[in-house]
Amino acid sequence: MDNLIKDLNDAQKKAVTTTEGPVMAIAGAGSGKTNVLTRRIAYLINHIGVPKDQILAITFTNKAANEMKSRIASLLNERTGMMWISTFHSMCSRILRQHIEFLGYKKHFQIIDDDDTSQLIKSIQKEFRIDPKMIDPRKLKNHVMKLKSEQASLSDYKEPLSDYLSKVYPEYQRRLKNNNLVDFEDLLMLTIRLLKENDDLRKHYQQLFQYVLVDEFQDTNNAQYELIRLLGGAHGNVFIVGDEDQSIYAFRGANIENIRRFRRDFDNPKVILLEENYRSTNTILSAANDVIKANKDRIEKTLFSSKGDGDKVVAYKGYDQRDEVHFVAETIQDLVHEGYRYEDMAVLYRTNSLSRLFEEAFMQKRVPYKIVGNTSFFKRKEIKDMVAYLRLIVNPLDDYSFERVVNEPRRGIGAKTMERLNAFAKEYNLSYYEAVNDSMNPLGTRPLKKLKGFTGLIDRMIATLKSADFNTLIDDILNESGYKEALEQDDKGDVRFENILELKTMFKESENTYQSEDKLTVLTFVLEDIALKSQEDDEVDDNSVTLMTLHSAKGLEFKVVFIVACEQGMFPLHRSLSDPKEIEEERRLMYVGITRAEEKLYITNAKSRQHYGEIVANPDSMFLTQIDPSKIRFEGLAKVSQENTQRYQSDYRQTKTFRAKKESLESRHANDIDKGDKVMHKAFGSGVVISVTGNQCKIAFSKEHGIKTLVKDHPAIKKVQR
DNA sequence: CACCGGTTTATTTTT
DNA sequence: TAAACCGGTG
């Protein structure tokens with residue numbers, strides 16, 4: 001017992017050992033929250049004797065779940081395999097996978113992602129002839145999702161929106177169910193329904209989960225709260241950890257009120273405050289506090305650390321966005337000379353679109369980097385296409401996937417044909433697949449032949465699945481559908497094909513993970529993983545700088561943190577400026593960003609920047625000006641204006657440093673490969689450069705891959721020294 | 001039905 | 001800026 005808690009502070013000890021009844025831990029940033037959670041779980045198992053599968057630990061992201069699993073595994077010195085440590089969504093799908101038939105869905109339901117939802121809503125909107133200029137499809141989608149999670153009701157809306165919603169929402173739901181699809185919201189909603197409507201199941205799970213732990217409680221939405229109440233309300237052994245100052249997901253329904261609700265609904269929970277910070281210097285903590293104290297209605301916390309004051313916060317103002325980006329790249333290189341490692345550093349931005357700038361500069365300055373949560377691998381067209389094919393194999397009645405790939409690659413099945421098929425299918429309540437094979441269908445011989453060609457392909461693939469492994473299956477799809485051929489025509493095809501190779505690798509790996517006789521079930525599981533893990537959790541711990549949004553930085557820490565583009569309009573975002581509530585959320589986001597830093601914090605911006613093709617000059621972010629200047633060292637234009645020397649400010653472009661920077665930027669390239677060089681490619685293996693033309697090059701790989709035309713500076717290509 | 005090219009338009013965060 | 005959308009042509 002001593003081992004588990006001996007190095008914890010008093011508050012942490014209390015949080016670990018107060019096992020019975022509701023407990024609420026208010027955990028400031030960097031207060032060892034994950035440590036408390038994992039040790040509490042280990043404590044429950046080792047010292048209270050709770051069976052491993054009777055603990056439910058819910059996190060917010062897959063990353064956090066994995067982290068927790070591996071930490072517990074090392075604390076207990078055994079595997080956490082089937083423990084219930086997961087995100088809300090995977091917990092729900094795990095439950096639904098077993099019981100969804102009770103709700104009239106079929107067992108092999110598939111999960112659609114957000115893009116799919118948007119697409120579906122759009123097409124419904126079109127069908128009802130609702131002018132997208134009048135009603136923004138994105139808004140419509142948001143409202144539908146709100147209705148679904150019961151965060152709103154139809155009566156909240158005025159005409160004509162209420163009218164549209166009353167049509168679109170049921171139609172959306174009907175289509176999902178007919179195709180045996182669920183969206184993210186359904187996962188929660190259907191699980192709640194299941195537990196509410198089925199007394200036996202509710203009791204079963206209430207008994208199974210003797211102890212419930214919830215991480216990042218401030219980010220729970222109403223549905224998630226309801227789930228926790230349903231599962232843990234009876235015995236009340238619910239432990240929640242949260243920090244209202246780090247609530248940054250209100251836009252998707254997170255409700256800070258849930259913290260108050262918890263106090264009301266659960267019987268007099270014990271409240272534990274974790275205020276000792278183990279991460280940052282006091283300068284960083286106090287800068288964070290300067291920012292967050294501007295928010296109203298919050299419980300004041302006093303974070304303290306024993307790490308001393310450390311360095312001042314550096315504020316750099318560049319002449320323009322390129323200058324800003326250079327500063328970051330150069331500072332990173334300088335810090336590496338001082339002994340920091342690339343992996344100790346992170347660049348945090350408000351919007352993904354900013355990642356490009358840094359990507360370009362880092363390539364040129366040879367700063368190794370990785371971008372987290374960019375256009376996710378699984379959102380790429382070719383991957384979604386392959387997934388659609390695979391889903392059709394699991395469930396040929398999935399009209400949504402059918403529609404996606406029926407003419408992908410081009411098979412001469414156009415909008416008109418699909419319109420006719422749709423009308424017929426709708427009239428007789430058939431799926432597209434059934435409609436094609438129905439002798440009554442009114443299609444002309446030629447389109448019908450093409451369509452039958454497509455359904456025939458699906459049939460053959462279903463047969464292939466029975467006898468072959470996944471990689472053979474994917475190869476067959478690629479070859480027989482003509483997809484591969486189409487890729488070969490496309491000049492972006494090589495990159496796409498490379499992605500499909502990666503998908504194959506993934507399938508190969510999971511073939512070993514899931515030991516099951518039934519291939520259909522295995523395929524279903526793998527597809528589910530793909531749906532729920534939209535982020536790649538490839539923890540390639542190569543030594544590189546992390547680029548990511550402030551949102552995805554939550555829960556992480558780095559020795560050195562750059563928060564970039566800190567300008568009014570960029571961060572806080574332009575559209576949040578008019579709403580005090582939204583500014584407060586942006587401010588919390590800044591708070592999260594600042595508190596990621598352990599030792600050094602850089603806040604940068606630019607005097608003017610190109611944004612949406614226009615040049616804008618934004619003032620400093622209010623979050624920067626709210627920090628007490630005595631904690632800041634001003635650099636770049638910020639320094640100049642601080643000293644009030646207008647001379648420098650007038651034309652920074654003429655300065656030597658700027659020109660030097662510019663020159664070095666233009667002259668360098670990431671991969672200085674030439675004809676004849678040997679290279680190594682992530683997916684294709686080793687190859688020889690045949691020719692270099694501008695930014696592109698031709699590389700000959702081994703026989704199976706052949707000659708590829710690739711972007712020269714692509715990070716997947718590495719020159720091999722001779 | 002496919003393709004081209006011009007035009008518009010919207011720019012946040014994620015399970 | 002760039003992606004999505006539209007409308008005309010082959």
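Quick note: numbers below take in every heavy atom, side chains included, and nothing from hydrogens, waters or symmetry partners. Within every chain, numbering begins at 1; the chains are lettered A, B, ... in the order of the sequence lines, protein sequences first and strands thereafter.
- Separation of the P atoms belonging to B:dT12 and C:dC5 is 15 Å when rounded to the nearest angstrom.
- Note on A:T549: a side-chain N or O is less than 4.0 Å away from OP1 or OP2 of B:dT14.
- Aromatic rings from A:H99 and A:Y205 are positioned such that their centres are separated by under 6.0 Å.
- OP1 or OP2 of B:dT13 lies within a sub-4.0 Å distance of a side-chain N or O belonging to A:N352.
- A stacking contact links A:Y612 to B:dT11: the aromatic ring centre lies within less than 5.5 Å of the base's six-membered ring centre, and the planes differ by less than 30°.
- The aromatic ring centres of A:F402 and A:F454 sit less than 6.0 Å apart.
- Listed pair A:N407 / B:dA2 meets the phosphate criterion, a side-chain N or O lying under 4.0 Å from OP1 or OP2.
- In this structure, the CZ atom of A:F184 is 8 Å from the P atom of B:dT15, given to the nearest Å.
- Counting to the nearest Å, the C1' atom of B:dT13 and the OH atom of A:Y249 are 7 Å from each other.
- Note on A:K122: a side-chain N or O is less than 4.0 Å away from OP1 or OP2 of C:dC5.
- Stacking annotation: A:F251 is stacked on the base of B:dT13 (ring centroids less than 5.5 angstrom apart, interplanar angle below 30 degrees).
- A donor-acceptor pair shorter than 3.5 Å can be found between the side chains of A:E528 and A:S93.
- No engagement by A:D183 is indicated, since no non-hydrogen atom pair under 4.0 Å with the nucleic acid exists.
- Between A:S90 and B:dT15 there is no side-chain N or O to OP1 or OP2 distance below 4.0 Å.
- Both A:P447 and A:H89 lie close to DNA chain B; mapped to their nearest nucleotides by heavy-atom distance, the more 5′-ward contact belongs to A:P447.
- Between A:R446 and the phosphate of B:dC1, there is no side-chain N or O to OP1/OP2 separation shorter than 4.0 Å.
- Aromatic ring centres of A:Y169 and A:H143: separated by at least 6.0 Å.
- Distance CG (A:L573) to P (B:dA10): 17 Å, rounded to an integer number of Å.
- Along DNA chain B, the nucleotide closest to A:Q224 and the one closest to A:K416 are compared, and the more 5′ of them pairs with A:K416.
- Residue A:R356 places at least one side-chain N or O closer than 4.0 Å to OP1 or OP2 of C:dA2.
- Between B:dT15, C:dT1, B:dT11, one nucleotide has an atom nearer to the side chain of A:Q610 than all others, and that is C:dT1.
- One can find a donor-acceptor pair under 3.5 Å joining the base of B:dT14 and the side-chain atoms of A:R252.
- Taking the six-membered ring for Trp and the full ring otherwise, the centers of A:F623 and A:F571 sit less than 6.0 Å from each other.
- Among the protein residues, A:F60 comes within range of the sugar-phosphate backbone only, with heavy atoms under 4.0 Å from sugar or phosphate atoms but none that close to a base.
- A:K450 comes within contact range of no nucleotide atom at all, as no heavy-atom separation falls under 4.0 Å.
- Distance CG (A:N222) to C1' (B:dT15): 16 Å, rounded to an integer number of Å.
- Note on A:T417: only backbone sugar-phosphate atoms sit closer than 4.0 angstrom, heavy atoms only; bases stay farther off.
- Rounded to whole Å, the distance from CD on A:Q321 to P on C:dT1 is 10 Å.
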Worked verdict on A:I248 versus A:Y591 for side-chain contact (heavy atoms from CB on, under 4.5 Å): CA-CA 10 Å; A:I248 54 175; A:Y591 177 78; over 6 Å; no
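- Atom CD in A:E360 sits roughly 13 Å away from atom C1' in C:dA2 (whole-Å rounding).
- At B:dA10, none of the side-chain N or O atoms of A:R575 fall inside 4.0 Å of OP1 or OP2 (strictly under the cut-off).
- Checking B:dA2, B:dT12, B:dT15 against every side-chain atom of A:R410, the shortest atom distance belongs to B:dA2.
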